[in-house]
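Naming convention: chains lettered A, B, ... in sequence-line order (proteins, then strands); numbering from 1 in each chain.
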Amino acid sequence: MSALLEFRGVTKRFGGLTANHNITFDVAENEIVSVIGPNGAGKSTLFKMISSFLPTTSGEIRFQGERISNLKPHTVARKGVVRTFQETTIFKSMTVRESVIVAQHLRATASLAGYFWGSKAARADVQAFGEYADELIDFLGLSNIRNELASNLPQGHLRALGVAIGLATDPKILLLDEPFAGMNHDETMSMVHLVRKVRDDRRVTILLVEHDMSAVMSISDRIVVLNFGEMIAEGTPAEIQANERVIEAYLGSEDDAIGV
Amino acid sequence: MSVAGESRSTGMRHGINRRTLVGVAVFLLAVFVVIPLLIAASGRTDFYYTLTSVALLSIASAGVWLMFYIGRINIGQGAFALIGAYVSAILVTKAGMSFWLSLPIAGVFAAGVAVLIGLPILRLKGVYFAMISLVLTQVVTLAALALPITNGAKGITSIPLPGEVSILGLTLIPDFATMENSRLAFYYTACVLMVLTFAAMYRLVNSRLGHICRSMQQNEELASSIGINIAYIRVIVFAISSFLGGIGGAMFGAIAQSVYPSSFQVADSINFMLNCFLGGLGYVFGPMLGTLVLYFGWDLLFESGKYQLLIYASLLIFLMLVLPNGLLSIRLDRLRRTHR
Ligand SMILES: Nc1ncnc2c1ncn2[C@@H]1O[C@H](COP(=O)(O)OP(=O)(O)O)[C@@H](O)[C@H]1O
Ligand SMILES: [Mg+2]
């Protein structure tokens with residue numbers, strides 16, 4: 001299987017601090033890959049470079065063979081590489097349905113002026129946006145809160161809303177930023193189920209970053225481990241759990257056990 | 001029709017729609033028939049000038065309101081009103097152009113300036129954008145003082161009144177100079193422009209561009225991650241805003257038949273913004289009500305002499321504290337209650 005997303009010697013420096021150093025790995029189509037590492041390992045930085053929220057210092061990230069690093073966030077999204085955020089990054093005063101409708105921006109066929117005048121294409125779009133929003137909302141199990149304001153939603157639902165917003169753009173690969181952070185066991189399991197469903201039913205490749213190792217063990221096909229900006233291991237969950245350097249890195253950090 | 005609105009219970013939606021329709025009809029009747037009749041009956045023709053000003057200022061304020069809609073505090077609308085006023089005045093006096101042609105050109109010119117300076121300054125947010133937009137008014141005033149074409153501090157005076165517009169010998173708009181009551185003509189012109197502006201604003205806010213603006217106001221990062229070119233949208237919105245400023249300014253110049261560097265000042269820019277705050281940032285018709293209340297409020301306070309500004313400012317602060325969502329929130333709250 002050829003790689004969908006390729007990291008080639010990706011390096012990011014903030015002044016004297018190297019947040020990512022020479023990161024090289026691939027994500028194949030329809031895989032679920034997790035990037036894990038203790039706090040400050042450089043996971044978020046890597047994510048921001050994939051979606052061009054940050055430029056790389058050197059190296060490049062390719063999607064379907066095309067460079068996507070050092071562009072603009074909306075350009076990267078247009079190519080089908082879409083990130084979700086942690087739950088504070090939402091459209092607070094929109095309802096679930098409004099958020100999912102506005103997120104279908106990339107599916108629009110009419111021009112902005114067309115929407116203003118109510119052209120035929122625009123009316124068809126509006127109809128299609130509504131229908132697709134309802135489909136996604138049902139798919140993600142948000143049906144009974146579709147008209148709730150995002151600011152009124154509990155954390156678990158906000159994560160699902162984040163996924164709904166991401167999916168509404170019709171991505172080829174979805175980047176999830178700490179989807180299990182702060183969740184208890186049951187919540188984590190239902191989120192794991194949801195992410196799998198997205199991959200299996202909608203054929204969306206998943207790359208996620210996580211701080212907590214136990215959560216990603218059951219979900220990932222492969223895991224990449226970062227520590228102090230360096231990639232220290234790559235492999236299947238079983239290989240990662242048995243890896244000396246990984247155990248060391250996680251034992252060295254005070255706040256987390258390896259989770260086995 | 002609002003995509004977002006459809007998500008709410010349609011029954012309520014229709015109820016409000018019928019209400020809105022009746023409201024619009026009453027408003028149009030009042031503006032175009034009742035008010036002119038009342039003024040004619042009372043003989044207070046000076047009210048034409050006051051209400052014309054309110055209508056034009058509300059057009060410029062509508063632009064500022066739209067900037068709030070993408071999360072930018074624009075205290076620079078005076079700059080674009082001044083630009084519009086000068087462009088129209090220069091075209092009419094120096095090129096002999098019809099005012100009616102110079103009016104849209106003034107708007108487009110102001111929008112063009114906004115595009116040029118918008119690209120760099122719209123990256124700024126919050127108080128930084130607000131400050132730079134404030135400075136803009138001062139910069140345009142200084143430019144008007146310095147440039148030869150604007151005639152410095154003496155300004156441009158004796159601008160002829162708007163002339164006739166006719167197609168194939170059919171008079172669409174009569175020559176304002178030959179009218180016995182050009183005040184009434186200006187009143188009608190301003191009101192027609194105001195109605196067009198707010199109809200377009202209503203449509204815009206409820207169409208896709210409006211939804212995109214709202215998404216940007218709430219979270220620019222998320223908006224760009226779903227593929228919205230936020231830099232482009234910001235420039236478009238700034239251009240629309242400045243177009244409205246230019247139109248408002250050009251109309252003022254035509255009524256006063258003169259333009260000076262001091263025609264629009266920093267205080268005007270601030271007032272445009274306050275009009276939006278007062279009317280309510282969440283309501284598209286907010287700037288209209290805000291402008292009316294603020295304009296008359298200022299006039300009423302005229303009696304209080306040297307305390308005018310103090311009372312005015314204190315009242316504004318008080319109003320914003322009790323009604324953080326603007327005057328129109330009173331009406332909406334009541335509606336909501338009756339619907340529950
Ligand atoms: N914008 C920035 N400027 C300077 N240093 C940064 C910036 N962003 C992140 N860092 C630093 O880079 C390192 C990696 O951070 P981050 O990618 O957020 O780690 P993680 O997400 O794995 O917890 C940290 O030491 C952090 O302080
Ligand atoms: Mg992080």
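- For chain B, the nearby part of A:Gln104 is the backbone; its heavy atoms alone come within less than 4.5 Å.
- Using a 4.0 Å cut-off between charged side-chain N and carboxylate O, A:Asp125 and B:Arg208 make no salt bridge.
- A salt bridge between B:Glu220 and B:Arg234 is present, with a side-chain N of the basic residue lying under 4.0 Å from a carboxylate O of the acidic one.
- Most heavy-atom pairs under 4.5 Å with chain A, from the set B:Leu222, B:Leu204, B:Leu209, B:Ile212: that is B:Leu222.
- By the 6.0 Å contact criterion, CZ on B:Phe198 is enclosed, its count of non-hydrogen atoms from other residues, nucleotides or ligands being greater than 12.
- For B:Ala200, the parts sitting under 4.5 Å from any heavy atom of chain A are the backbone and the side chain alike.
- For the options A:Ser93, A:Gly162, A:Gly166, heavy-atom pairs under 4.5 Å to chain B are most numerous at A:Ser93.
- Using a 3.5 Å distance cut-off with no hydrogens or angles, the side chains of B:Asn206 and A:Tyr115 do not pair a donor with an acceptor.
- Comparing A:Arg78, A:Arg83, A:Lys92, A:Met94 by heavy-atom pairs within less than 4.5 Å of chain B, the highest count is held by A:Met94.
- Residues A:Glu60 and A:Arg62 are paired through a salt bridge, judged by an N-O separation under 4.0 Å between the basic side chain and the carboxylate.
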